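Beneath this line is the structure, given in structure tokens, with notes to follow.
Model, not experiment: these values are computed from the prediction. Just so you know, residue 1 is the first one in the sequence shown, and it goes up from there. Reckoned from all heavy atoms, side chains included, excluding hydrogens, waters and symmetry mates.
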Amino acid sequence: MRKIIFTVAVIIIAIILYSLFTSENINSLEGDFRELAFERNENNTGPIKRVYAFSIEDTLWSEMKKHADLLPHTKYGSTEVYYFMKDDFENSRGKLSMNGINQEAQSYCIAYVIKDGQSRIQFKKYPFKSNQ
């Protein structure tokens, strides 16, 4: 009986460890995502708002969606993410605030994601390009 319990326990632990090491995480995504800037409001009793700027090496739209989905969010809060091609944010003298990115950086933004408290994602490609 002890052997059976021990065997079941070892199998369960092996499954848990396998799951931990093979599950997708931010570091396993393609595109070499690099955090450029981060802002968070100081409100700890109400909605928490997080704003990020990331660089990526290529326009891998599906990887950006996965990346945004893996970022933290808080119930009733929101997480906003701006994506730029590598070095574009710095070259544009980009600045990030709780209101988003500055005017100079907007033309370099290749994607914008907002994730609400219920983990719903809205993804926009080239959000600041006009349709003119």
Side-chain angles (χ1 to χ4, degrees):
M1 184 67 171
R2 285 186 177 187
K3 287 183 179 182
I4 293 173
I5 293 173
F6 180 74
T7 304
V8 170
V10 167
I11 291 171
I12 291 172
I13 291 170
I15 291 171
I16 291 171
L17 289 175
Y18 176 78
S19 171
L20 284 173
F21 290 115
T22 59
S23 64
E24 195 166 57
N25 63 52
I26 285 182
N27 297 324
S28 68
L29 297 175
E30 294 180 36
D32 192 28
F33 291 91
R34 298 197 189 274
E35 184 177 312
L36 304 170
F38 170 69
E39 291 286 327
R40 179 190 183 279
N41 66 340
E42 297 299 321
N43 190 355
N44 286 324
T45 59
I48 294 174
K49 182 177 180 182
R50 295 176 176 90
V51 184
Y52 293 90
F54 281 93
S55 71
I56 187 169
E57 289 188 352
D58 196 4
T59 54
L60 304 168
W61 305 118
S62 64
E63 294 295 299
M64 284 185 234
K65 287 179 185 176
K66 289 179 192 175
H67 181 265
D69 195 37
L70 292 169
L71 289 173
H73 69 282
T74 307
K75 188 175 182 181
Y76 306 119
S78 65
T79 301
E80 295 180 33
V81 189
Y82 297 89
Y83 291 100
F84 299 87
M85 293 302 291
K86 187 177 179 181
D87 299 327
D88 280 353
F89 188 72
E90 290 89 0
N91 294 342
S92 70
R93 288 179 259 130
K95 292 187 174 103
L96 182 72
S97 70
M98 291 305 295
N99 297 324
I101 54 176
N102 61 338
Q103 190 78 27
E104 293 83 10
Q106 288 182 358
S107 62
Y108 294 95
C109 182
I110 60 168
Y112 169 73
V113 178
I114 185 162
K115 184 176 181 181
D116 67 14
Q118 278 66 50
S119 196
R120 291 179 296 222
I121 291 180
Q122 295 177 4
F123 183 85
K124 296 179 186 174
K125 297 176 186 177
Y126 303 106
F128 299 103
K129 298 252 183 192
S130 62
N131 292 335
Q132 300 176 12

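Under the 4.5 Å side-chain heavy-atom criterion for Ile, Leu, Val, Met, Phe, Trp and Tyr, Leu96 and Ile48 are members of distinct hydrophobic clusters. Ile13 and Ile5 fall into different hydrophobic clusters, where Ile, Leu, Val, Met, Phe, Trp and Tyr are joined by side-chain heavy atoms under 4.5 Å apart, directly or via other members. Taken together through direct or relayed side-chain contacts under 4.5 Å among Ile, Leu, Val, Met, Phe, Trp and Tyr, Tyr76 and Ile121 form parts of separate hydrophobic clusters. Linking ILVMFWY residues whenever their side-chain heavy atoms come closer than 4.5 Å, directly or via other members, places Met85 and Val113 in the same cluster. Phe128 and Met98 fall within the same hydrophobic cluster, defined by Ile, Leu, Val, Met, Phe, Trp and Tyr side-chain heavy atoms under 4.5 Å apart, directly or through other members.
Remark: the backbone N or O of Glu57 is not paired with any side-chain donor or acceptor of Asp32 at under 3.5 angstrom. With hydrogens and angles disregarded, no donor-acceptor distance shorter than 3.5 Å links the side chain of Ser19 to the backbone of Ile15.
Taking the side chain as every heavy atom from C-beta outward, Leu71 and Arg50 never approach each other to under 4.5 Å. With a 4.5 Å cut-off on side-chain heavy atoms, Ile101 and Phe84 count as touching. A heavy-atom distance below 4.5 Å is not found between the side chains of Val51 and Phe38.
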May I have the step-by-step check of side chain to side chain contact (heavy atoms under 4.5 Å, CB included) for His67 and Ile56, ending in yes or no? CA-CA 11 Å; His67 181 265; Ile56 187 169; over 6 Å; no
Go through it in stages, so that I can follow the logic: the residues are Asp88 and Cys109, the test is side chain to side chain contact (heavy atoms under 4.5 Å, CB included), and I'd like the CA-CA distance, side-chain angles, deciding distance and then a yes or no. CA-CA 8 Å; Asp88 280 353; Cys109 182; over 6 Å; no
Side chain to side chain contact (heavy atoms under 4.5 Å, CB included) between Glu63 and Phe33, intermediate numbers included: CA-CA 10 Å; Glu63 294 295 299; Phe33 291 91; 4.2 Å; yes
Does Val81 form a side chain to side chain contact (heavy atoms under 4.5 Å, CB included) with Tyr112? I'd like the steps, not just the answer. CA-CA 6 Å; Val81 189; Tyr112 169 73; over 6 Å; no
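Note: Lys65 NZ to Lys115 NZ = 14.5 Å, rounded to the nearest 0.5 Å. With rounding to the nearest 0.5 angstrom, the OH atom of Tyr82 is 9.5 Å from the NZ atom of Lys124. We find the CD-NZ distance between Glu39 and Lys49 to be 10.5 Å, quoted to the nearest 0.5 Å.
Under the 3.5 Å distance criterion, with hydrogens and angles disregarded, no donor-acceptor pair is assigned to the side chains of Tyr52 and Glu35.
Of all heavy-atom pairs spanning Ser55 and Lys86, the tightest one is CB-CA, 4.1 Å. When all heavy atoms of Asp69 and Ser119 are compared, the closest pair comes out as OD1-OG, 4.0 Å.
More than 12 heavy atoms of other residues, nucleotides or ligands lie within 6.0 Å of CD in Gln118, so this atom counts as buried by the packing criterion.
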